[in-house]
Amino acid sequence: MPVDSVENTIRTAVATALGEVGLEGLPSRPAEVHLERPANPDHGDFSTNVALALAKRNGRNPRELAAELVGLLEAADLAHVEGIEIAGPGFVNFRLAPTWLHERIGLVVAEGSGYGRSGMGGGRRVLVEFVSANPTGPVHAGHARGATYGDALARVLEFAGFEVGREFYINDRGVQMKTYADSLAARAAGEDPPEGGYMGAYISEWASEMPEGADPLEWGYEFALAEQRRVLGALNVEFDRWFSERDMVATGAIETTLEDLRDRGVVEDRDGAVWLRSTDYGDDKDRVLVKSDGEFTYLLPDIAYHRDKFSRGWQLLVNVWGADHHGYVPRMKAAVQSLGHDPDDLEVVITQLVRLEREGSEVKISKRSGDLVTLEELIDEVGADAVRLTYLLQSVDSPQTVDLDLIVAQSNENPVFYVQMANARLNSIDRVATERGFERLPLAGVDLSVLTHERELAVMRVLHELPAVVELAARERAPHKVTTWVRELAGAVHGFYHDCPILSPDTPEELRQARWWLAESARIGLRVGLDLLGVSAPEAM
RNA sequence: GCCCCCGUAGCUCAGCUGGACAGAGCGUGGGACUUCUAAUCCCGUGGUCGCAGGUUCGAAUCCUGCCGGGGGCGCCA
């Protein structure tokens with residue numbers, strides 16, 4: 001059952017050997033033995049630095065200590081291990097027989113679409129809130145980063161054993177709604193929007209669809225929401241709940257929250273306004289909850305919303321915000337604490353800005369000025385898969401430059417083709433095999449030990465990494481690590497496909513069967529990875 | 001002024017809890033299609049990992065300072 005059985009075997013043996021040597025500062029559990037996959041194949045399949053790490057505090061020479069360990073480990077006669085060597089300043093390297101990788105195929109095939117799934121999350125209930133664009137315009141190319149990231153993160157967290165919810169918070173009240181409605185009304189009447197209004201071309205287009213006599217605010221609200229939902233759906237992004245700010249007004253949740261905060265003694269009245277003493281919780285200044293004119297600031301409904309999230313049993317809140325909102329993190333953290341929660345119960349992931357370029361110069365995204373690249377245009381031009389993979393290529397910590405000309409060009413500079421091609425090729429094997437009357441035998445009867453070609457081993461090595469990649473991506477909230485892995489697997493598949501023919505008459509039947517199952521496990525792996533990214537895996541291209 | 005993110009090959013970016021000569025794609029130069037899709041594969045080219053200190057047996061990775069770039073510091077959302 002343990003996915004990392006080889007690693008566990010080695011770790012346990014190392015821990016045991018260390019115990020026999022009798023050293024200070026030993027790892028308390030085998031899992032703490034540092035074991036890594038060396039980048040250099042000359043350094044074996046696995047390597048540990050324990051001799052280096054423990055030498056100094058035990059007054060030992062690292063290489064001598066390593067030698068002692070090697071002696072004990074060799075005597076243990078570990079499964080799959082062909083050679084144990086000391087290298088460099090005191091690394092202990094393990095060289096394994098390919099058999100350790102052959103097991104992987106059976107595992108992947110047995111687990112299928114569940115391969116790589118982890119129980120790491122332990123069922124902890126995590127609510128991911130993302131996009132949350134104002135209902136005053138279309139989602140645009142800038143929203144796509146948060147949308148794809150939040151959705152992929154949710155998928156990764158689910159796969160890693162968390163119970164996950166996805167929500168979109170709708171700021172459906174406040175001044176921006178009125179500005180939007182006024183702009184719509186003006187365009188509908190054939191006039192320019194008022195000072196400070198929305199100048200975007202979409203306002204005119206939408207206004208032309210507004211029925212005679214409709215309330216611009218209500219009609220505009222519903223229309224914008226429907227548009228956002230439709231376009232995000234086209235990007236394969238769905239939410240469990242669209243949470244309306246207005247609903248909290250209707251239910252009195254905002255007032256209730258304010259009373260709650262008063263009861264907790266964290267608010268005070270000052271200068272005619274109501275303040276949250278957020279400085280008590282690390283914010284750099286106190287924040288106004290109710291303005292002196294009696295209106296709520298945006299903050300109070302936000303607090304009420306987060307209070308609501310917790311009240312529904314969510315244990316960890318992950319908010320995906322754009323870089324322009326990072327300044328609000330301390331006050332939201334303070335707000336969460338003022339409600340009696342741990343500040344770590346709220347995590348805010350800041351996605352850095354996307355710079356869009358076309359013909360080498362920047363394309364600005366501004367709703368007010370109207371120079372907008374809508375998400376829909378992007379999807380229409382390149383497809384949802386390319387949009388998703390492009391945005392999921394790199395860490396959201398890094399500013400991203402997206403060259404619209406390139407992803408529109410559908411050239412080989414777009415990695416989505418590379419990855420989907422690998423999948424299509426694997427599928428074509430099955431297709432052609434059927435045409436030619438080849439039959440794949442049950443895996444149990446196939447001898448996988450004939451898989452010794454470097455191309456074959458490379459595919460198995462990459463497949464082996466997926467469980468660790470899933471856990472890492474979940475722990476670090478970094479779904480782009482899955483993207484990197486998928487690209488690596490696709491690369492290994494292309495090499496394998498090129499050098500290891502399956503249906504060729506020159507391929508011995510025994511080898512054909514083994515390779516065929518390897519191809520099948522690679523196909524499963526690609527599909528799992530692509531599913532985590534929300535990218536489709538077409539069978540043919 | 002204070003806070004956050006980034007600064008790795010000509011370009012766009014990976015680099016897991018520090019590890020053994022720094023990677024990928026694109027670009028560029030040269031090869032491979034009577035054989036399961038050449039949207040592929042192979043070989044070559046290309047880097048003072050922003051700079052300077054520090055911690056460490058060992059730093060692209062951790063700490064400090066500085067220099068660049070981006071974003072933010074409202075009784076606006």
Side-chain angles (χ1 to χ4, degrees), chain A residues 34 36-40 42-43 47 49 52-53 55-56 62 87-91 93 134 136 171 173-177 179 270-275 284-285 287-293 295-299 301-302 322-330 350-353 355 393-403 406 410-418 420-422 424-433 435-436 438 455 465 468-469 471-473 475-476 478 480-481 483-484 487-488 491 493-507 515-516 519 540-541:
Chain A
H34 184 83
E36 61 180 34
R37 303 290 319 281
N40 185 337
D42 292 342
H43 298 146
S47 175
N49 66 353
L52 285 163
K56 190 167 190 180
F91 291 101
N93 296 338
N134 285 337
T136 57
N171 285 112
R173 51 174 289 280
V175 292
Q176 86 282 355
M177 290 293 288
T179 303
R270 203 158 70 212
D271 308 327
V274 182
W275 298 70
D284 58 354
K285 60 182 72 165
R287 305 293 170 179
V288 173
L289 297 173
V290 184
K291 296 187 272 185
S292 50
D293 65 4
E295 290 287 322
F296 303 139
T297 61
Y298 73 93
L299 182 60
D302 275 358
D324 53 340
H325 285 72
H326 104 265
Y328 308 116
V329 175
I350 298 297
T351 65
Q352 295 302 314
L353 298 187
R355 175 188 159 94
L393 231 33
Q394 57 187 266
S395 163
V396 290
D397 287 342
S398 306
Q400 182 175 29
T401 303
V402 171
D403 187 328
L406 288 186
Q410 305 220 0
S411 69
N412 55 2
E413 293 176 56
N414 191 332
V416 75
F417 295 105
Y418 185 81
Q420 292 185 329
M421 185 64 192
R425 284 178 138 185
L426 293 173
N427 279 285
S428 82
I429 293 170
D430 286 351
R431 201 161 46 237
V432 173
E435 289 166 14
R436 298 188 187 173
F438 285 101
R455 297 294 207 176
E465 289 165 14
V469 167
E471 293 198 349
L472 189 64
R475 190 180 314 119
E476 297 190 353
H480 78 279
K481 288 176 187 294
T483 313
T484 303
R487 297 174 76 188
E488 279 175 15
V493 164
H494 281 304
F496 165 69
Y497 184 91
H498 189 268
D499 289 352
C500 302
I502 292 174
L503 304 180
S504 163
D506 297 335
T507 304
R515 283 180 173 171
W516 204 344
M541 295 188 71

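Numbered from 1 within each chain, the chains take letters A, B, ... in sequence-line order.
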Under 3.5 Å between N/O atoms: give me all the protein pairs with nucleotides 30-32 of chain B, atom names plus distance.
none

Give each protein N/O atom lying under 3.5 Å from an N/O atom of nucleotides 4-11 of chain B, with the pair distance.
| unit_1 | atom_1 | unit_2 | atom_2 | d |
| --- | --- | --- | --- | --- |
| B:C4 | O4' | A:His326 | NE2 | 3.4 |
| B:C5 | O4' | A:Gln352 | NE2 | 3.4 |
| B:C5 | O2' | A:Asp397 | O | 2.0 |

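With sequence neighbours excluded, the residues that form a salt bridge (Lys or Arg N to Asp or Glu O under 4.0 Å) with A:Asp284 are A:Arg287. Partners of A:Tyr298 under the ring pair (Phe, Tyr, Trp, His ring centres under 6.0 Å) rule, at least two apart in sequence or in another chain, are A:Tyr328. A search for side-chain hydrogen bond (donor to acceptor under 3.5 Å, both in side chains) contacts involving A:Gln400 returns A:Arg145, not counting sequence neighbours. For A:Asp499, the side-chain hydrogen bond (donor to acceptor under 3.5 Å, both in side chains) partners two or more places apart in sequence, or in a different chain, are A:Arg455. With sequence neighbours excluded, the residues that form a salt bridge (Lys or Arg N to Asp or Glu O under 4.0 Å) with A:Asp430 are A:Arg523. The side-chain contact (heavy atoms from CB on, under 4.5 Å) search around A:Val469 returns A:Glu465, A:Val482, A:Trp485, not counting sequence neighbours. Looking at residues two or more places apart in sequence or on another chain, you find no side-chain hydrogen bond (donor to acceptor under 3.5 Å, both in side chains) involving A:Glu476. Not counting sequence neighbours, the partners of A:His34 by the side-chain hydrogen bond (donor to acceptor under 3.5 Å, both in side chains) test are A:Glu36. With sequence neighbours left out, the salt bridge (Lys or Arg N to Asp or Glu O under 4.0 Å) criterion links A:Arg425 to no other residue.
Within the nucleic acid shown, A:Ala540 comes within 4.0 Å of at least one base atom, counting heavy atoms only. Within the nucleic acid shown, A:Asp271 comes within 4.0 Å of at least one base atom, counting heavy atoms only.
Consecutive Watson-Crick or G-U pairing (both distances under 3.5 Å) extending over three or more pairs maps onto RNA chain B as B:1-7 with B:67-73, B:10-13 with B:23-26, B:27-32 with B:40-45, B:50-54 with B:62-66.
In terms of polar N and O atoms assigned as donor or acceptor, the side chain of A:Asn49 comes within less than 3.5 Å of the base of B:G19 in a complementary pairing.
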